[in-house]
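Below is one structure, written out as structure tokens, with a few remarks after it.
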Amino acid sequence: MSLDKEQVHHIAVLARLKLSDEEYAESVEKLSKIVDFVDQLAQADTADVVPMAHPLDAAQRLRPDVVTETDNRDRYQENSASVSDGLYLVPKVIE
Amino acid sequence: MMGLHQQTMVELAAGLEKGDFTSAELTQALLDRIGSLDDKLNAFVTVTATEALAAATRADEARASGIGGALNGLPLIHKDIFCTRGVKTTCGSKMLDNFISPYDATVVEKLADAGAVVLGKSNMDEFAMGSSNETSYFGPVRNPWNLECSPGGSSGGSSASVAARFAPAATGTDTGGSIRQPAALTGTVGLKPTYGRVSRYGMIAFASSLDQAGVITRSSEDAALLLGVMAGFDERDSTSIDQPVPDYLASIGDSIKGLRVGIVRQHFDAGLDQQTGVRVKDAIAVLESLGATTVEVDLPNLDLSVPTYYVVAPAECSSNLSRFDGVRFGHRAENAEDLQDLYFRSRGEGFGDEVKRRIMTGTYVLSAGYYDAYYLKAQQVRQLIADDFKKAFADVDVIAGPTAPSPAFRLGDKVDDPIQMYLNDIYTIGANLAGLPGLSVPCGFVDDLPVGLHLVGAHFGEETLLRCGHQYQQQTEWHKACPEAFK
């Protein structure tokens with residue numbers, strides 16, 4: 001196994017995922033297989049190769065800094081489980 | 001008259017124009033088929049019957065007034081990855097089971113503006129992560145050619161629907177083969193355009209440097225018709241390419257005499273089912289009989305395309321899917337103790353196993369100490385693979401080979417082994433890594449299951465691909481075969 005339970009736990013914390021005990025056991029096994037599989041990349045000679053940034057070598061466009069969006073807050077908030085007075089509600093963060 | 005459900009978009013357009021039937025009649029006929037037959041396939045997440053009939057009536061009225069777009073009154077299905085305003089858009093996930101999109105994707109908007117009638121939203125692998133449709137929260141889709149088999153994935157609901165004659169066309173998305181592989185496995189045509197050709201706006205993101213929208217149809221001609229409507233610059237997509245859109249139908253009837261077809265030796269090695277290889281070679285012989293010449297080309301880094309993909313795609317997925325936090329939209333865990341608990345449990349409950357696996361793979365390859373060894377390395381190998389294609393396209397116009405290593409596999413066969421599942425995309429992934437267009441056309445059967453011929457073109461080479469596909473389909477009848485239970 002190239003990954004142990006502790007590493008998988010660390011990854012799950014970084015990814016903000018709560019996993020059950022069975023999911024941990026399965027993740028250690030399957031993620032290890034995936035990591036072993038992608039380790040093949042180490043064989044490739046990539047000295048002096050510039051990492052790809054865009055498949056068509058295009059640059060990201062910039063747009064003028066002007067307001068283009070209209071206010072759709074109420075419509076967008078219809079998809080939230082908990083809103084009040086136009087705000088999204090979450091559990092208390094500051095005591 | 002041939003049943004309406006058997007006709008292609010181009011044929012239906014002619015019938016509507018002549019007044020043989022109305023869009024309302026056509027739409028009702030297809031909705032009836034879906035109502036009576038989709039129990040077998042599970043191809044739909046949502047059927048939008050009311051909206052479809054209203055759109056069909058509007059299209060009929062437009063036609064009566066002498067107006068109406070290129071697709072006026074023609075029915076199609078959207079993969080449930082495209083945001084559709086006022087309609088549930090789930091991306092095959094529990095996470096979005098309650099999500100009603102407040103806006104339309106550009107693809108949805110453009111097709112609606114052209115007069116298309118949307119019959120519903122098709123089932124898919126969760127967040128497009130899968131090659132069999134088995135990762136969907138809404139259950140697997142079945143292959144109309146054999147209900148025990150997968151229709152491929154991730155656009156499996158789209159491919160099954162078009163093969164079962166629920167609609168002449170469906171949209172799809174392709175990040176590593178998710179249009180072309182399901183098309184091959186269901187005997188349909190699948191087109192993945194050049195990266196940036198079709199807007200990604202409103203298409204729920206998986207791996208943004210690889211994702212591209214396209215179509216599944218039964219003829220190359222229909223794919224050309226739809227691409228002409230879908231393609232084009234969109235300022236709302238930061239990687240959309242500003243290039244004029246040709247009339248893809250204008251040159252589709254031209255001969256392919258003199259077309260240089262590249263053959264990659266490694267495509268026909270031990271990894272390919274032998275009978276599938278025979279069908280594909282027969283198809284290439286048909287292209288030769290039409291005046292094409294074949295040239296052997298070498299893609300030396302091809303073997304590394306799947307491992308490269310399984311670093312780049314999960315990395316981008318882990319970043320894209322960080323937006324699902326249970327706060328603004330999507331699944332929200334109940335009775336969270338604090339904000340962290342809300343994040344951890346909303347995501348733990350809302351995502352399925354494969355999506356969690358990809359998020360974690362991506363998180364790992366991007367994490368401190370591993371970034372250079374995995375992500376940076378993969379982007380370098382990706383450049384090598386793109387360079388291989390570039391060299392090959394100096395000598396050829398298209399590259400031809402198999403779309404998938406075998407015909408449709410049985411549901412359940414590969415679900416426990418992610419690597420085996422990933423290798424199903426070995427022939428298609430290269431085009432995504434290099435941003436190239438690809439087309440799969442039906443080229444025969446192995447054990448009563450369809451197989452596909454895969455054509456890859458140079459950047460913006462869609463016209464050549466579609467012409468090649470169309471000319472092949474003029475000589476063959478494979479795409480007209482219909483599964484017995486869906487005639």
Side-chain angles (χ1 to χ4, degrees), chain A residues 3 7-8 10-20 22-23 26-27 29-31 33-63 68 72 74-83 88-93, chain B residues 98-100 102 194-196 209 235 238-239 241 301 304 307-308 310-311 318 322 325-330 332 336-345 347-349 351 353 356-357 359-361 363-365 367 373-374 376-384 386 418-419 422 433-435 459:
Chain A
L3 294 180
Q7 280 174 299
V8 171
H10 178 62
I11 296 166
V13 170
L14 290 175
R16 302 291 185 270
L17 287 171
K18 186 172 175 69
L19 302 183
S20 65
E22 299 96 83
E23 283 180 310
E26 201 192 333
S27 297
E29 184 214 321
K30 290 191 173 166
L31 287 178
K33 276 191 188 168
I34 294 168
V35 169
D36 291 346
F37 177 69
V38 301
D39 273 340
Q40 289 176 63
L41 290 175
Q43 307 158 13
D45 179 6
T46 53
D48 305 326
V49 177
V50 179
M52 182 186 281
H54 187 290
L56 276 76
D57 294 329
Q60 294 264 308
R61 289 187 317 278
L62 297 175
R63 64 168 176 81
T68 53
N72 290 306
D74 293 345
R75 187 150 56 87
Y76 295 161
Q77 290 198 332
E78 284 170 16
N79 272 299
S80 176
S82 185
V83 293
Y88 292 99
L89 299 188
V90 295
K92 195 169 171 182
V93 178
Chain B
N98 59 0
F99 179 67
I100 308 289
T194 304
Y195 180 74
S209 79
E235 62 179 18
S238 65
T239 57
I241 305 279
N301 294 289
L304 292 172
T308 300
Y310 278 96
V311 171
S318 75
S322 64
D325 57 6
V327 176
R328 294 153 301 149
F329 49 83
R332 179 170 181 143
E337 286 168 20
D338 54 30
L339 189 57
Q340 291 298 326
D341 187 45
L342 177 72
Y343 293 155
F344 276 80
R345 283 205 289 122
R347 292 166 62 79
E349 293 165 10
F351 293 135
D353 292 345
K356 286 180 192 164
R357 203 145 47 228
I359 290 174
M360 287 195 287
T361 306
T363 302
Y364 176 69
V365 300
S367 63
Y374 289 109
L376 199 72
K377 182 83 179 177
Q379 290 289 35
Q380 288 176 310
V381 178
R382 186 177 175 186
Q383 188 62 56
L384 293 176
I419 304 297
Y422 296 174
L433 292 172
H459 288 138

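Numbers restart at 1 for each chain; the letters A, B, ... are given by sequence-line order, proteins then strands.
Chain A forms the most heavy-atom pairs under 4.5 Å with one residue out of B/Leu433, B/Asn301, B/Val381, B/Ile100, and that residue is B/Ile100. Note on A/Asn79, A/Val35, A/Leu89: by heavy-atom pairs under 4.5 Å with chain B, the leading option is A/Asn79. Between chain A and the residues B/Gln340, B/Arg345, B/Gln380, B/Arg357, the largest count of heavy-atom pairs under 4.5 Å involves B/Gln380. Comparing A/Val93, A/Asn72, A/Leu56, A/Thr68 by heavy-atom pairs within less than 4.5 Å of chain B, the highest count is held by A/Leu56. Most heavy-atom pairs under 4.5 Å with chain B: of the set A/Lys18, A/Arg16, A/Gln7, this distinction falls to A/Arg16.
Of the two parts of A/Ala15, the backbone and the side chain both hold a non-hydrogen atom closer than 4.5 Å to a non-hydrogen atom of chain B. For B/Leu376, the parts lying under 4.5 angstrom from a heavy atom of chain A are both the backbone and the side chain. Looking at B/Arg332, the atoms closer than 4.5 Å to chain A (heavy atoms on both sides) all sit in the side chain, from C-beta outward. Within the 4.5 angstrom heavy-atom criterion, only side-chain atoms of B/Ile241, from C-beta onward, approach chain A. For chain B, the nearby parts of A/Thr46 are the backbone and the side chain; heavy atoms of each come within less than 4.5 Å. Both the backbone and the side chain of A/Phe37 come within contact range of chain B, each with at least one heavy atom under 4.5 Å from a heavy atom of that chain. Using a 4.5 Å cut-off between heavy atoms, A/Val83 makes no contact with chain B at all. The part of B/Asp353 that comes within reach of chain A is its side chain, from C-beta onward, which places non-hydrogen atoms under 4.5 angstrom from that chain. Contacts between B/Ser367 and chain A at a heavy-atom distance below 4.5 Å involve the side chain alone, from C-beta outward. Neither the backbone nor the side chain of A/Glu78 comes within contact range of chain B; no heavy atoms are under 4.5 Å apart. Proximity to chain A is limited to the backbone of B/Ala434, based on heavy atoms less than 4.5 angstrom apart. Only the side chain of B/Thr194 comes within less than 4.5 Å of a heavy atom in chain A; its backbone stays farther off. The part of B/Leu342 that comes within reach of chain A is its side chain, from C-beta onward, which places non-hydrogen atoms under 4.5 angstrom from that chain.
Taking B/Ala378 as the reference, A/Leu41, B/Thr308, B/Val311, B/Val312 meet the side chain to side chain contact (heavy atoms under 4.5 Å, CB included) condition, with sequence neighbours excluded. Annotation: salt bridge (charged side-chain N to carboxylate O under 4.0 Å, His left out) contacts of A/Arg61 (sequence neighbours excluded): none.
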In sequence, state the C-alpha distance, the side-chain angles, and the governing distance for B/Tyr195 and A/His54, and then conclude on side chain to side chain contact (heavy atoms under 4.5 Å, CB included). CA-CA 10 Å; B/Tyr195 180 74; A/His54 187 290; 3.6 Å; yes

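Closest of all the heavy-atom pairs between A/Ala44 and B/Lys377 is O-NZ, 2.8 Å. Scanning both residues, B/Phe344 and A/Ala12, for their nearest heavy atoms gives CE2-O, 3.9 Å. B/Pro307 and A/Val38 make their closest contact through O-CG1, 3.6 Å (heavy atoms, listed as atom of the first residue, atom of the second, distance). Closest approach of B/Val327 to A/Ser80, counting heavy atoms only: O-OG, 2.8 Å.
Contact annotation: the side chain of B/Phe351 approaches that of A/Leu17 to within less than 4.5 Å [non-hydrogen atoms, C-beta and beyond]. At least one side-chain heavy atom of A/Leu3 sits less than 4.5 Å from a side-chain heavy atom of B/Tyr364. At least one side-chain heavy atom of B/Met360 sits less than 4.5 Å from a side-chain heavy atom of A/Leu19. Side-chain atoms of A/Lys92 and B/Asp338, non-hydrogen and from C-beta on, never get closer than 4.5 Å to each other. By the 4.5 Å heavy-atom criterion applied to side chains, A/Pro91 and B/Asp341 are not counted as neighbours.
Taken to the nearest 0.5 Å, the CD1 atom of A/Ile11 stands 12.5 Å off from the CD1 atom of B/Ile359. Atom-to-atom distance recorded for B/Thr361:OG1 and A/Lys30:NZ is 12.0 Å, nearest 0.5 angstrom. Here A/Met52 contributes atom CE and B/Ser209 contributes atom OG; the two are 8.0 Å apart, rounded to the nearest 0.5 Å.
Under the 4.0 Å criterion applied to side-chain N and carboxylate O atoms, A/Glu23 and B/Lys356 are assigned as salt-bridge partners.
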